Amino acid sequence: MDKNTIIGFVLIAAVLFGYSWFTKPTPEQLQELKHKNDSIAQVEQKKLEEIQQSQQTAAEYADTTAVILNEDSLRQAQIKEAFGIFSNFTTGKDEKINLKNDLVSLSFSSKGGSLTEATLNNYQTHDSLPLTLFDEKDNQYGFIFKTGGRIINTTDLYFKPIVGKDGKSVTMRLDFGNGKFFDLIYTLPENSYMVKMDIRQKGMETILPGNTANLDIFWDQKLRSQEKGRMFEERNSAIYYKYVGSDVDHLSESKEEQETISLGLKWIGYKNQFFSSALISDGKFNGAIMRSSLNKSSAYLKNFHTETTVDYNPADNNGPGFRFYLGPNLYPLLHSYDKGVDNDEALDLDKLVPLGFKFFRWINTWIIIPIFTFLGKYIANYGIIILLLTIIIKIFLAPLTFKSYMSSARMRVLRPQIEEINAKYPGQDKAMDRQRATMDLYSKAGINPMSGCLPMLLQMPILLAMFTFFPSSIELRQQSFLWAKDLSSYDAIFSWDAYIPLITPYFGNHISLFCLLMTITNILYTKINMDNTGGSQQMPGMKVMMYLMPLMFLFIFNNYASGLSYYYFISTLITIIQTYIFRKCINEEKVLAQLKENQKKPRKKSGFMARLEEAQRQQQAALRQQQKNKRR
């Protein structure tokens, strides 16, 4: 290599070294470059991860889709296995259809094809809310199909709703195709609490077994609390049912109970104090299993459950028919459903109104309710109606009251002679002689000791009839009078919240004013009555008992309808006034003179007195025998 070539390489190397030296980046530039390169690397890594995640997600989506498809196929297979030909009705849209007239507003659901809500347009709850008998949370009923080893509940099926052209009916249809269907047709007439439910069908004999003879029905309801006084409302709520061609019965109101009925039933009703839901068969129910249990919720009273069957032929286009009664327990209304109907075909829905046992129920149905209804046509204030009704009853009973007073007056004027007998035969050992002498005095004077009790006994059916009438009278519901805001419930003038053992469960957390007034007048009447009969002198031990009875009424009636306490208060007050009138009108000296004249006359003993004396003789003989045995 020559000299020039070497110099050339040296110069090139020097130029390159000098360029590199002068163009070398500073430390700050190196740091910035490093940061830039790291950022580029991170972006590229993130893109790479996104690509990998996307590929993984796509794979997972493909796997999930396959699983869903497999699960859906499995579910469809399970539905098909469980429901068979009914599997086409297991999905759908839950549509709500409303029917309404002046009295009730109803809502129907395509899910189950059932009535899900019933509201009474002319009534409210105690706290002024719309009175809804039940909604879809409270009430459920359905039919059970049995086919191919499957049990199909209509509540699991979606029906197709078809609203009638008149807007008063709705058809819930299960359409199987090829002209085969199962319809539930609901019709709401104008101005009626009755809802008709008819089954119409075609081709069901090809869907259900040919030997199908019964259609199973179930009905569940949580009974709502509608009134202020839960304690009394609970006592008057129960499952009622009517035997075909026979009487009405019910489960216990106070305890949980289950009943199995094997006889035919005409209707089954879920009764509240003033309102009821009743399912009525056009034919009959083939017995039933009914169960009632208490519901601890403040919004509900009890849980009701019924299982029953009806005769059913799948080949018959006209299936069984039913009616729902959804309305008030108003006696004139319920009784009207039996007008023009033979006794064997009567519904007897009026038995949903508890008016007492047969031997005094007729007093309410034939006398009290007609008078009460008549007065209600012309007088708007039910406090005035109760007052007038009480006056009418007291006028009707006045002869019996007068006879009872006359008996006590005769006993009273003979009191000096009775005291002479007591002084003549003192002590327990002469009790029989004292009693015989007293009976002999009554016989000679012409007095029957039971004559004063008989008029009172004759009045008892009316008192018992009124005891059942007022708490059951829906006419009094939310009717105010004086301080009482609701004559069908208690009229509290003082209340407290604290729970007091033995007091709260039975007496309640309040004091009712009409009940208090009733108690005071009864105590006053007890004193007057004891003074009239001389009981305060002759029976000092009974005196306390006589005063305890009115105090017991305070505890018994404190939760009852204020209308009932008001009636008893007015009735007792009128009786006291009658007593003072009789006392002014009757001359006791003349009564005594008449009795003394009777004692002078020979008098044949009455059958009662003869039996009483015979009983005394037998008692004396038994007493003498006991004394002889003791001496031995």
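All values reported here derive from a predicted model rather than from experimental measurement.
- In this structure, the side chains of Tyr123 and Gln226 stay at 4.5 Å or more apart for every pair of heavy atoms.
- Atom CE of Met552 sits in a sparse spot, with 12 or fewer heavy atoms from other residues, nucleotides or ligands closer than 6.0 Å.
- If you check the side chains of Glu233 and Ser225, you find a donor sitting under 3.5 Å from an acceptor.
- The shortest side-chain heavy-atom distance between Pro320 and Tyr312 falls under the 4.5 Å cut-off.
- Expressed to the nearest 0.5 Å, how far CZ of Phe159 lies from NZ of Lys111 amounts to 11.0 Å.
- Formation of a donor-acceptor pair under 3.5 Å by the Arg230 side chain with backbone atoms of Ala299 is not found in this model.
- Heavy-atom neighbours of Lys146 NZ from other residues, nucleotides or ligands within 6.0 Å: at or below the threshold of 12.
- Looking at Thr306, its side chain never comes within 3.5 Å of a backbone N or O of Phe218 through a donor-acceptor pair.
- Looking only at atom types and distance, the side chain of Ser105 has a donor-acceptor partner in the side chain of Asn121 under 3.5 Å away.
- If you take CG on Leu174 and CZ on Phe181, they are separated by 11.0 Å, rounding to the nearest 0.5 Å.
- If you check the side chains of Asn98 and Ser107, you find a donor sitting under 3.5 Å from an acceptor.
- The only option from Leu301, Asn303, Asn139 that meets the side chain to side chain contact (heavy atoms under 4.5 Å, CB included) definition with Lys222 turns out to be Asn303.
- The distance from atom NZ of Lys242 to atom NZ of Lys266, rounded to the nearest 0.5 Å, is 9.0 Å.
- Of the possible donor and acceptor atoms, one in the side chain of Asp135 sits under 3.5 Å from a partner among the backbone N and O of Lys137.
- Between Phe557 and Tyr568, the ring center distance clears the sub-6.0 Å criterion.
- Without hydrogens or angle criteria, Asp491 side chain to Phe514 main chain gives a donor-acceptor distance under 3.5 Å.
- No donor-acceptor pair under 3.5 Å is formed between the side chain of Ser472 and the backbone N or O of Phe469.
- Within 6.0 Å of the CG atom in Asp166, the count of heavy atoms belonging to other residues, nucleotides or ligands exceeds 12.
- With ring centers used as reference points, Phe467 lies under 6.0 Å from Tyr560.
- Shown here is Lys202, whose NZ atom has no more than 12 heavy atoms of other residues, nucleotides or ligands within 6.0 Å.
- Under the 4.5 Å side-chain criterion, counting only non-hydrogen atoms from C-beta, Trp219 is not in contact with Thr308.
- By the neighbour-count criterion of 12 heavy atoms within 6.0 Å, atom CG of Leu388 is densely surrounded, having more than that number from other residues, nucleotides or ligands.
- Within the 4.5 Å cutoff, the side chain of Lys351 has no heavy atoms near those of the Lys271 side chain.
- In the displayed structure, Lys485 atom NZ is contacted under 6.0 Å by at most 12 heavy atoms of other residues, nucleotides or ligands.
- Panel note: side chain Tyr490, backbone His510; no donor-acceptor pair is recorded below 3.5 Å.
- In this structure, the separation between CG on Leu476 and CG on Leu564 is 10.0 Å, given to the nearest 0.5 Å.
- A 6.0 Å sphere centred on NZ of Lys228 holds more than 12 heavy atoms belonging to other residues, nucleotides or ligands.
- A distance-only check finds a donor-acceptor pair linking the side chain of Gln478 to the backbone of Thr125 [under 3.5 Å].
- Proximity of a side-chain donor or acceptor of Asn101 to a complementary backbone N or O of Leu103 within less than 3.5 Å is detected.
- In this structure, a donor-acceptor pair under 3.5 Å is present between the side chains of Asn286 and Asp311.
- Ring centers of Tyr325 and Trp267: at least 6.0 Å apart, outside the cut-off.
- Leu349 is listed as a side-chain neighbour of Ile280, based on a closest heavy-atom distance under 4.5 Å.
- At a threshold of 4.0 Å, the pair Lys160-Asp175 does not count as salt-bridged, since none of the basic side-chain nitrogens sits closer than that to a carboxylate oxygen.
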Evaluate ring pair (Phe, Tyr, Trp, His ring centres under 6.0 Å) for Tyr241 paired with Phe285, printing each intermediate quantity in order.
-> CA-CA 11 Å; Tyr241 51 92; Phe285 296 109; over 10 Å; no

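- The number of heavy-atom neighbours closer than 6.0 Å to NE2 of His335, taken from other residues, nucleotides and ligands shown, is 12 or below.
- A donor-acceptor pair under 3.5 Å links the side-chain atoms of Thr154 to the main chain of Phe143, judged by distance alone.
- Exactly one of Phe481, Phe470, Phe372 qualifies for a ring pair (Phe, Tyr, Trp, His ring centres under 6.0 Å) with Tyr382. That residue is Phe372.
- In this structure, Met466 and Ile393 have side chains that are in contact, with non-hydrogen atoms separated by less than 4.5 Å.
- Taking CG from Asp282 and CZ from Phe322, the interatomic distance works out to 7.5 Å, rounded to the nearest 0.5 Å.
- Ring planes of Phe145 and Phe182: perpendicular class, angle over 60° (limits at 30 and 60°).
- Judged by distance alone, the side chain of Asp156 and the main-chain N or O of Ile152 form no donor-acceptor pair under 3.5 Å.
- Separation of atoms CZ (Phe274) and OG (Ser237) is listed at 10.5 Å; rounding is to 0.5 Å.
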